[in-house]
A.B. asks: 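Shown below is the structure under consideration.
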Amino acid sequence: MEPVRWGILSTARINHAVIDPARESEKAVVIAVASRNLARAETYAREQGIERSYGSYKALLADDDVEAVYVSLPNALHVPWAIKALEAGKHVLCEKPLGRTPEVVEQAFDTADRQDRVLMEAFMYRHHPLTRKLKELVDSGALGELKQIRTAFTFTLDNRDDVRWRPELEGGSLLDLGCYCVSVSRLLGGEPERVYGRQRLAPTGIDVGFTGTLEFPGEASAQFHCAFDLPAESYVEAIGTTGKARVVEPFRCNDPHVDLNGSRIDVDDVDRYLLQLENLSEAIRGKAEPLLGRDDALGQAATIAALYRAAETAAPETPRRAAAV
Ligand SMILES: NC(=O)c1ccc[n+]([C@@H]2O[C@H](COP(=O)([O-])OP(=O)(O)OC[C@H]3O[C@@H](n4cnc5c(N)ncnc54)[C@H](OP(=O)(O)O)[C@@H]3O)[C@@H](O)[C@H]2O)c1
């Protein structure tokens with residue numbers, strides 16, 4: 001297929017998630033990068049071997065040769081720039097979390113539908129065979145009946161200048177790390193019917209730590225915690241009536257394997273960012289279905305919004321999707 005021509009909004013650290021796999025892939029090529037500062041964009045483009053650079057995000061969106069855009073901006077800018085990109089006729093891969101509420105996520109997907117463009121939230125771990133293997137084990141009954149999911153994602157965020165400390169940019173541990181715990185819990189357990197949440201606030205006002213419970217229809221539930229002030233840890237456990245599956249580093253997918261009742265099941269060690277970029281590039285050419293779409297992004301945002309409400313009210317909350325437009 002003809003490679004999809006990508007542009008990148010910002011010079012974010014995470015851009016390696018698209019730039020590196022595009023160098024390997026025959027399905028995607030990065031042709032442009034934009035920054036709020038032209039000199040920064042020019043230097044970045046030179047260093048990364050990107051052909052074109054722009055001194056504003058708007059200028060990149062006006063480039064007719066750019067077919068698809070990677071939005072790697074701080075969280076609060078995800079939906080606003082995803083919508084601008086879609087309105088400019090671009091397909092969009094938007095970093096997680098796409099939005100903090102189901103209402104804004106709905107607006108973004110409505111725009112994508114109107115413009116007949118593909119929009120995907122960048123949960124890269126979902127593309128990895130490790131995630132598929134875990135889901136298969138749970139769905140096949142290899143654990144008996146699923147009762148309990150436990151997951152955590154923590155590390156120590158020392159840099160006080162990091163955007164994740166800033167509430168106006170939608171920083172916070174639930175949106176940055178806990179969104180993965182919510183995502184894998186929903187993948188394995190389904191959509192929660194009730195959630196509980198407790199947050200620890202930093203002086204800046206963001207949640208430096210968040211602990212949540214998701215209750216699914218039936219008897220299964222998930223507990224998770226995420227934090228910017230705890231030693232690094234990342235795992236998911238699915239526990240059923242007859243067995244337990246544990247994955248360490250389920251989101252970074254390092255040394256990918258599932259521990260099933262003490263036995264190791266290895267899966268292919270592949271690049272989740274490459275799989276994500278190729279899935280979306282193929283979807284843009286009509287050769288594949290995007291792995292993640294409106295339904296998953298809405299389930300995410302509804303659960304996250306309910307968790308924040310539950311933490312604020314210290315009471316259980318029901319995730320609510322936006323009213324159909
Ligand atoms: N999927 C993953 O594995 C993964 C990993 C890490 C992060 N992420 C996500 O990727 C996104 C970016 O994270 P990051 O850590 O790479 O961010 P970062 O390095 O802080 O970069 C954010 C970029 O946004 C631009 N920007 C626009 N307005 C800004 C403002 N008001 N303040 C600061 N920067 C602003 C800046 O680029 P210019 O100055 O060039 O315009 C900046 O380089 C986040 O949503 C995060 O959740 C995903």
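Read the numbers this way: they start at 1 and go in the same order the structure lists the ligands and their atoms.
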A.B. asks: Does either side chain, that of Tyr273 or that of Asp20, offer a donor lying less than 3.5 Å from an acceptor on the other one?
C.D. replies: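 Short answer, no.
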A.B. asks: Just distances here: any N/O of Leu73 and N/O of ligand 1 closer than 3.5 Å?
C.D. replies: yes
A.B. asks: Any idea which part of Asn15 is under 4.0 Å from ligand 1, heavy-atom wise: side chain, backbone, both or neither?
C.D. replies: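 Contact part for Asn15 vs ligand 1: neither.
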A.B. asks: Side chains of Gln148 and Gln223 only: does a donor on one sit below 3.5 Å from an acceptor on the other?
C.D. replies: yes
A.B. asks: Compute the minimum heavy-atom distance from Phe123 to ligand 1 and say whether it is under 4.0 Å.
C.D. replies: no
A.B. asks: Out of Cys179, Pro97, Ala41, Pro74, who gets a non-hydrogen atom closest to atom 24 (O) of ligand 1?
C.D. replies: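 Considering heavy atoms of Cys179, Pro97, Ala41, Pro74, the nearest to atom 24 (O) of ligand 1 sits in Pro74.
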A.B. asks: What part of Ser35, side chain from CB on, backbone N/CA/C/O, both or neither, has a heavy atom under 4.0 Å from ligand 1?
C.D. replies: both
A.B. asks: If you measure from each non-hydrogen atom of Tyr180 to ligand 1, which part falls under 4.0 Å: side chain, backbone, both or neither?
C.D. replies: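 Under 4.0 Å from ligand 1, Tyr180 contributes side-chain atoms alone.
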A.B. asks: Please state which part of Tyr44 comes within less than 4.0 Å of ligand 1, counting heavy atoms only: side chain, backbone, both or neither.
C.D. replies: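 Under 4.0 Å from ligand 1, Tyr44 contributes no heavy atoms.
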A.B. asks: Verify the distance criterion only: is there a donor paired with an acceptor across the side chains of Ser183 and Tyr125 at less than 3.5 Å?
C.D. replies: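 Short answer, yes.
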A.B. asks: So Trp81 and Tyr57, would you call those rings parallel, tilted or perpendicular, with 30° and 60° as cut-offs?
C.D. replies: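 Perpendicular.
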A.B. asks: Check Ile14 against ligand 1 and report side chain, backbone, both or neither, counting heavy atoms closer than 4.0 Å.
C.D. replies: both
A.B. asks: Of all the atoms in ligand 1, which lie at a distance below 4.0 Å from a heavy atom belonging to Leu77?
C.D. replies: 27 (C), 28 (N)
A.B. asks: Please work out, at 4.0 Å between heavy atoms, whether the side chain, the backbone, both, or neither of Lys96 comes within that distance of ligand 1.
C.D. replies: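 For Lys96, the contact with ligand 1 is made by both the backbone and the side chain.
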A.B. asks: Going by the closest heavy atom to atom 34 (N) of ligand 1, which one wins out of Arg13, Glu121, Arg36?
C.D. replies: Arg36
A.B. asks: Checking contacts here: is it the side chain or the backbone of Leu175 that comes within 4.0 Å of ligand 1, counting heavy atoms only? Could be both or neither.
C.D. replies: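 No part of Leu175 comes within reach of ligand 1.
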A.B. asks: Heavy-atom distance to atom 10 (O) of ligand 1: which of Glu95, Arg272, Arg164, Arg166 wins?
C.D. replies: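 The nearest heavy atom belongs to Glu95.
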